[in-house]
Chemist: 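Take this structure first; my questions come after.
In what follows, chains carry the letters A, B, and so on, assigned in the order in which the sequence lines appear, proteins first and then strands, with residues in each chain numbered from 1. Note: hydrogens, waters and symmetry copies are ignored here, and every other heavy atom, side chains too, is used.
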Protein chains: 2
Amino acid sequence: MGDNATTHVMAKSKENKKGASDQRVSKAVVSRLSLYLRELSRLERAGIETTSSTKLGEMLGFSDAQVRKDLANFGQFGYPGVGYRCSELTSTIRQIMGTDQRWPVALVGVGNLGRALLGYRGFANQGFNTVAAFDLDPKIVGTEIDGIPVFSLERVDKIVEEKSIQLAILAVPANAAQEVAQRLVAAGIRGILNFAAVTLRLPDEITVVGVDLAIEMEQLSFAMTSRMSQ
Amino acid sequence: MGDNATTHVMAKSKENKKGASDQRVSKAVVSRLSLYLRELSRLERAGIETTSSTKLGEMLGFSDAQVRKDLANFGQFGYPGVGYRCSELTSTIRQIMGTDQRWPVALVGVGNLGRALLGYRGFANQGFNTVAAFDLDPKIVGTEIDGIPVFSLERVDKIVEEKSIQLAILAVPANAAQEVAQRLVAAGIRGILNFAAVTLRLPDEITVVGVDLAIEMEQLSFAMTSRMSQ
DNA sequence: TAGATTGTTAATCGATTAACAATC
DNA sequence: TAGATTGTTAATCGATTAACAATC
């Protein structure tokens, strides 16, 4: 879930080129922005200096107009007749996404999945730093996994405060997720990446992004079953 | 990717109530269907026998009209004045999604994440059965992990054929993903759940659902950075 | 019967695409 | 200058919501 709720956020105003946020942007725009960023990083690594809305769109399956429109929500970053400078657009999008800064992250639930996520290095260079893990199991509380200390969930308020953590990855069993999530919110967490297969009911100001692997797989079985076009 | 491409599939025709598919349905509809299913299973487990579009919508944050419209793509499953029988609607949606049958699945790339996915039981009761894992590392090829045999990637054609596998979970490093994906397609795979942080370029008839954890986290940092409404 | 809720049509809203003047 | 490509406005398309007759 997360995929559907048309969440909106503030974006550019008319007067300020490369300016601050004051308009609503759909969630679809934000995830395309992430894809542009991923593609731009690849181009940069390949030593390619400039690209265009047409090329970016082609690589990702969007129209050139879509690419330009998405970026236009936040300002003017291109050069007519030239395109976009990859390194420049990369850092601009990083700023927009908030990944030009580092985010300390808590991982809650050190089971199979949680453990794998602790070992996952994909976050780190994206600006996310898992700085603490929480679990109830006394066998692992007090240990370190991949260099990350595992604390008792009892201590979540203290540690979250101490380490100024705003984001959490929730990887506990579905039946515990709602209760644990509320506890995280009480501790000061404002955004949750939820791997549990339940819809969390939390205050509106808390951002929840859901990742349900069974649901993603269902997309595949649906496509296999129906003849899917495109 | 995945999230955005407005993928369309065939759905109900006018004449056949509860009938076969012949109309286009957006990807957004399909993922909401998954959420309805998840919620209905919960209600069933709680012993609740009927529900309504209003109740379902409230639980998930959609309008009642949305729920009815989504279902209307596939037929008529409700009872005016009464609502929907949970068990009935559950099995209907399972049929629509293709999860009333079992899907043998291959897992490719037995690293940290792959290993966790092998141990993950969430798929199984959703109709997905990981029946084979593939890797290059000779230290694990030939072993079993959580009861699932690990084969050399060299043997993918033979095993995929033997076990009639159509779906694969791709959990290899980003720089290997494109090549391995092509190999899977050559072996007969038709749907891929891609955990690698790259956009795969594959023939149109192959369905790819992308899960990029860094991108999901970026949704959170974006929400933290911009004041997000709703 | 009165109340509840469906399925569906029509109205609204938002997102994507097309087109083009401005710019390099 | 000619060619390429932007940013943006207007046109199109699709998805969501509102409304309501039909049904239980």
Side-chain angles (χ1 to χ4, degrees), chain A residues 3-9 11-19 23-33 36 49-58 60-86 88-89 92 229-230, chain B residues 3-9 11-19 23-33 36 49-58 60-86 88-89 92 229-230:
Chain A
D3 276 26
N4 307 304
T6 316
T7 313
H8 287 95
V9 292
K12 78 117 191 247
S13 70
K14 206 78 183 190
E15 50 282 2
N16 54 349
K17 209 179 121 126
K18 322 220 170 185
Q23 217 164 347
R24 291 165 155 279
V25 162
S26 82
K27 191 160 188 245
V29 171
V30 183
S31 55
R32 282 195 301 267
L33 239 39
Y36 301 154
E49 296 200 339
T50 70
T51 187
S52 68
S53 55
T54 308
K55 284 179 199 152
L56 263 179
E58 247 166 32
L60 295 165
F62 307 132
S63 72
D64 57 330
Q66 176 96 84
V67 175
R68 293 198 300 279
K69 203 97 219 285
D70 284 345
L71 295 174
N73 283 299
F74 304 94
Q76 309 185 143
F77 313 116
Y79 302 89
V82 178
Y84 302 93
R85 303 208 202 290
C86 296
E88 214 177 280
L89 192 52
T92 302
S229 79
Q230 213 224 115
Chain B
D3 277 21
N4 308 303
T6 315
T7 316
H8 286 96
V9 293
K12 78 115 190 251
S13 70
K14 205 78 185 189
E15 51 279 5
N16 55 348
K17 210 180 120 125
K18 323 220 171 186
Q23 218 164 347
R24 292 163 155 282
V25 162
S26 82
K27 189 158 189 248
V29 172
V30 183
S31 55
R32 282 195 300 266
L33 240 38
Y36 302 154
E49 296 200 339
T50 69
T51 187
S52 67
S53 55
T54 308
K55 284 179 200 152
L56 264 178
E58 247 166 34
L60 295 165
F62 308 131
S63 73
D64 57 331
Q66 176 98 83
V67 175
R68 294 198 299 280
K69 202 99 220 283
D70 285 344
L71 295 173
N73 284 300
F74 304 94
Q76 309 185 146
F77 313 117
Y79 302 89
V82 178
Y84 302 93
R85 303 207 201 292
C86 295
E88 215 176 279
L89 191 53
T92 302
S229 80
Q230 212 225 114

Chemist: Rounded to whole Å, please give me the gap between CG in A/Asp64 and P in D/dT8.
Modeler: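 That distance rounds to 15 Å.
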Chemist: Rounded to whole Å, please give me the gap between NZ in B/Lys27 and P in C/dA15.
Modeler: 17 Å
Chemist: Reckon A/Gln66 has a side-chain N or O less than 4.0 Å from the OP1 or OP2 of C/dT17?
Modeler: yes
Chemist: Respond yes when some side-chain nitrogen or oxygen of A/Arg24 is under 4.0 Å from OP1 or OP2 of C/dA15, and no when none is.
Modeler: no
Chemist: Got a second to check how far B/Ser53's OG is from B/Phe62's CZ, nearest 0.5 Å?
Modeler: 13.5 Å
Chemist: Measuring from atom CG of B/Asp70 to atom CZ of B/Phe74, what distance do you get when rounded to the nearest 0.5 angstrom?
Modeler: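 Between B/Asp70 CG and B/Phe74 CZ, I get 8.0 Å after rounding to 0.5 Å.
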Chemist: Give the nucleotide from the list D/dA15, C/dA22, C/dT17 with an atom nearest to the side chain of A/Pro80.
Modeler: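 Output: C/dA22.
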Chemist: Nearest 0.5 Å, please: how far is OG1 in A/Thr51 from CD in A/Glu58?
Modeler: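 A/Glu58 atom CD to A/Thr51 atom OG1 measures 9.5 Å (nearest 0.5 Å).
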Chemist: If I take atom CG in residue A/Leu89 and atom C1' in nucleotide D/dT5, what distance separates them, rounded to the nearest angstrom?
Modeler: 14 Å
Chemist: Name the nucleic acid region contacted by B/Ser53, choosing base, sugar-phosphate or nothing; use a 4.0 angstrom heavy-atom cut-off, strictly under.
Modeler: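 B/Ser53: backbone/sugar contact only, no base atoms under 4.0 Å.
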Chemist: Within this structure, what is the CZ-to-C1' distance between B/Arg85 and C/dA4, rounded to whole angstrom?
Modeler: 14 Å
Chemist: Return the CG to OG1 distance between A/Leu33 and A/Thr92, rounded to the nearest 0.5 Å.
Modeler: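 That separation rounds to 10.5 Å.
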Chemist: Using whole Å, what does the distance between atom P of nucleotide D/dT17 and atom CG of B/Asp70 come to?
Modeler: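 Computing the B/Asp70:CG to D/dT17:P distance gives 10 Å.
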Chemist: Just N and O in the side chain of B/Ser63: are any of them under 4.0 Å from OP1 or OP2 of D/dT16?
Modeler: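 So the side chain of B/Ser63 is outside the cut-off, no N or O lying under 4.0 Å from OP1 or OP2 of D/dT16.
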Chemist: Where the side chain of B/Arg68 is defined as all heavy atoms beyond and including C-beta, which of D/dA22, D/dT8, D/dC20 is the nearest nucleotide?
Modeler: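 Selected nucleotide (nearest to the side chain): D/dC20.
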Chemist: Starting at atom CG of A/Asn73, determine the distance to atom C1' of C/dG14, rounded to an integer number of angstrom.
Modeler: 13 Å
Chemist: Rounded to whole Å, please give me the gap between CZ in A/Phe77 and C1' in D/dG7.
Modeler: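 Taking atom C1' of D/dG7 as the reference, CZ of A/Phe77 is at 12 Å.
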Chemist: Roughly, in whole Å, what's the span from OH in A/Tyr79 to C1' in D/dG7?
Modeler: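 Distance check: A/Tyr79 OH to D/dG7 C1' gives 14 Å.
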Chemist: If you round to the nearest 0.5 Å, how far is CG of B/Leu56 from CG of B/Asp64?
Modeler: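 Interatomic distance, B/Asp64 CG to B/Leu56 CG, rounded to 0.5 Å: 10.5 Å.
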Chemist: Locate the shortest heavy-atom distance separating B/Leu71 from B/Phe77; write the atom from each residue and the value.
Modeler: O-CE1, 3.5 Å
Chemist: Can you tell me how far apart CZ (A/Arg68) and CG (A/Asn73) are? Round to the nearest 0.5 Å.
Modeler: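 With rounding to 0.5 Å, CZ (A/Arg68) is 13.5 Å from CG (A/Asn73).
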Chemist: Please tell me which of the listed nucleotides, D/dT16, C/dT6, D/dT17, lies nearest to the side chain of B/Tyr84?
Modeler: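 Of the options given, the side chain of B/Tyr84 lies nearest C/dT6.
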Chemist: Which dot-bracket notation, 5' to 3', represents the base pairing of DNA chain C when pairs are defined as Watson-Crick or G-U with both distances under 3.5 Å, crossing pairs as [ ], and inter-strand pairs as |?
Modeler: ..||||||||||||||||||||||
Chemist: From the set C/dT16, C/dT8, C/dA19, return the single nucleotide nearest to any side-chain atom of A/Lys69.
Modeler: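 Minimum distance to the A/Lys69 side chain belongs to C/dT16.
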Chemist: Nearest to the side chain of B/Gln76 - C/dG7, D/dT8, D/dA15?
Modeler: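 Ranking C/dG7, D/dT8, D/dA15 by closest atom to the B/Gln76 side chain puts C/dG7 first.
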